[in-house]
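Not measured: the values here are computed from a predicted model. Every chain is numbered from 1 and lettered A, B, ... according to where its sequence line falls, protein lines coming before strand lines.
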2 protein chains.
Amino acid sequence: METIAYSIGQLAKQANCKVETVHYYEKTGLMPEPPRTEGGHRLYVLEDAKRLKFIRRCRELGFKIQQIKELLKFIDEPDHYCGEVKAMALQQADDVQQKIDDLERLKLALYEMVAQCKGGRYSINDCPIVEALYVT
Amino acid sequence: METIAYSIGQLAKQANCKVETVHYYEKTGLMPEPPRTEGGHRLYVLEDAKRLKFIRRCRELGFKIQQIKELLKFIDEPDHYCGEVKAMALQQADDVQQKIDDLERLKLALYEMVAQCKGGRYSINDCPIVEALYVT
DNA sequence: ATAGAACCTGTAGTAACTACAGGATCAAGG
DNA sequence: CCTTGATCCTGTAGTTACTACAGGTTCTAT
């Protein structure tokens, strides 16, 4: 039975990213160096498409390249366990929660400033927002 | 009456940033090119300290350098009005809200995956997290 | 006078791509 | 078979907002 080959463009389209991104993932070791055609074009297989999509999904979930490398190591090497993956996902979730908390505080500060401000054609000198930030 | 002069180091310390950051702000036009000593060291005044702190506070609030440039224009030029500042702050608050919403979705996805996962010493092949992400 | 802190300029590195430039190869239609 | 346009190749530079040197000069305090 034959294995179906994909061009880098097809791979990228499937994973919803640019060809250059795949190049980049290859350079940084996330994606393998695939075999080439006579002319030097990269030839991928279905497994590579899976891998690229995995990388992209993880990126969407906010994982950094380094973390994804670790996750891929779990997948590539057989001697790892589910618990390790779970721990990383939990850590990631906590990081996200932290970011949310920070942004909530930020939002509050902004809305408070906005609420203080009458807006309109008052001079900048009387603007409470400027006053709140532009001080000694 | 004499004007008190500050070194770049004193300025940076006041604004809780690095000397190099002030250099960077000068290069990018956020901070002015101040007069120098005979030997070439920068000499700042209180107004500059205010400006630097303003920039840093805005950065903490998530404003981008470009946005801060616009805000500083409001301060530097007299023919602007409070309403413009308010509008930018509101826009910023909305952007923050958007980011929060995105992160909340992200968090949910992560926690859902984690909840599915028994963890522990089960093989990676049965890990629901990997299964959720590493698919065709 | 001198030691050591602080300052100077300029370059390169960070993260995760994106955007070319300039050229080669591939697939489809005539 | 040949051509044309799409796709691909490598390599370099740009993006954001800094940070980290290197190698040298100046300032400040004793």
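- Between B/Glu38 atom CD and D/dT25 atom C1' there is a gap of 14 Å when expressed in whole angstrom units.
- Rounded to an integer number of Å, the gap from A/Ile55 CD1 to C/dC17 P is 10 Å.
- A/Tyr6 places its OH atom 19 Å from the C1' atom of D/dC8, with the value rounded to the nearest Å.
- Phosphate contact (OP1/OP2 of D/dT16, side-chain N/O of B/Tyr24, threshold under 4.0 Å): absent.
- Using a 4.0 Å heavy-atom criterion, one finds that A/Phe63 contacts no nucleic acid atom at all.
- Between A/Tyr25 and the phosphate of C/dA16, there is no side-chain N or O to OP1/OP2 separation shorter than 4.0 Å.
- Considering only side-chain N and O atoms, B/Thr28 lies nowhere under 4.0 angstrom from the phosphate OP1 or OP2 of D/dA17.
- Taking for each of A/Lys27 and A/Gln10 the nucleotide of DNA chain D with the nearest heavy atom, the 5'-most of the two is the partner of A/Gln10.
- Distances were taken from every side-chain heavy atom of A/Lys18 (C-beta onward) to each of C/dT18, C/dA6, D/dT19; the shortest belongs to C/dT18.
- Distances shown here put a side-chain N or O of B/Arg56 below 4.0 Å from the OP1 or OP2 atom of D/dC18.
- By the 4.0 Å N-to-carboxylate-O rule, B/Asp102 lies too far from A/Lys99 to be salt-bridged with it.
- Proximity of A/Arg59 to the phosphate of C/dC17: a side-chain N or O atom is located under 4.0 Å from OP1 or OP2.
- There is a side-chain donor-acceptor pair under 3.5 Å between B/Gln97 and B/Asp101.
- For the pair B/Glu26 CD and D/dA17 P, the computed distance is 18 Å after rounding to whole Å.
- Residue-to-nucleotide proximity on DNA chain D shows that, of B/His41 and A/Arg42, the 5′-proximal contact is made by A/Arg42.
- Backbone-only engagement by B/Thr37 is indicated by non-hydrogen atom pairs under 4.0 Å involving sugar-phosphate atoms exclusively.
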Inset, instruction - Take A/Glu70 and A/Lys73 through the salt bridge (Lys or Arg N to Asp or Glu O under 4.0 Å) test and state the conclusion after the steps. - result: CA-CA 5 Å; A/Glu70 284 169 54; A/Lys73 207 160 55 189; over 6 Å; no
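- Of all nucleotides listed (C/dA16, D/dC18, C/dC8), D/dC18 comes nearest to the side chain of B/Ile65.
- For the pair B/Ile75/A/Tyr134, a side-chain contact is recorded, criterion being any heavy-atom separation below 4.5 Å from C-beta on.
- In this structure, B/Ser7 reaches the C/dC7 phosphate: one of its side-chain N or O atoms is under 4.0 Å from OP1 or OP2.
- The side chain to side chain contact (heavy atoms under 4.5 Å, CB included) with A/Val45 is formed by just one residue from the set A/Thr3, A/Leu11, A/Ile4; it is A/Thr3.
- Of the two residues near DNA chain C, A/Thr21 and A/Gly39, the one whose nearest nucleotide lies more 5' is A/Thr21.
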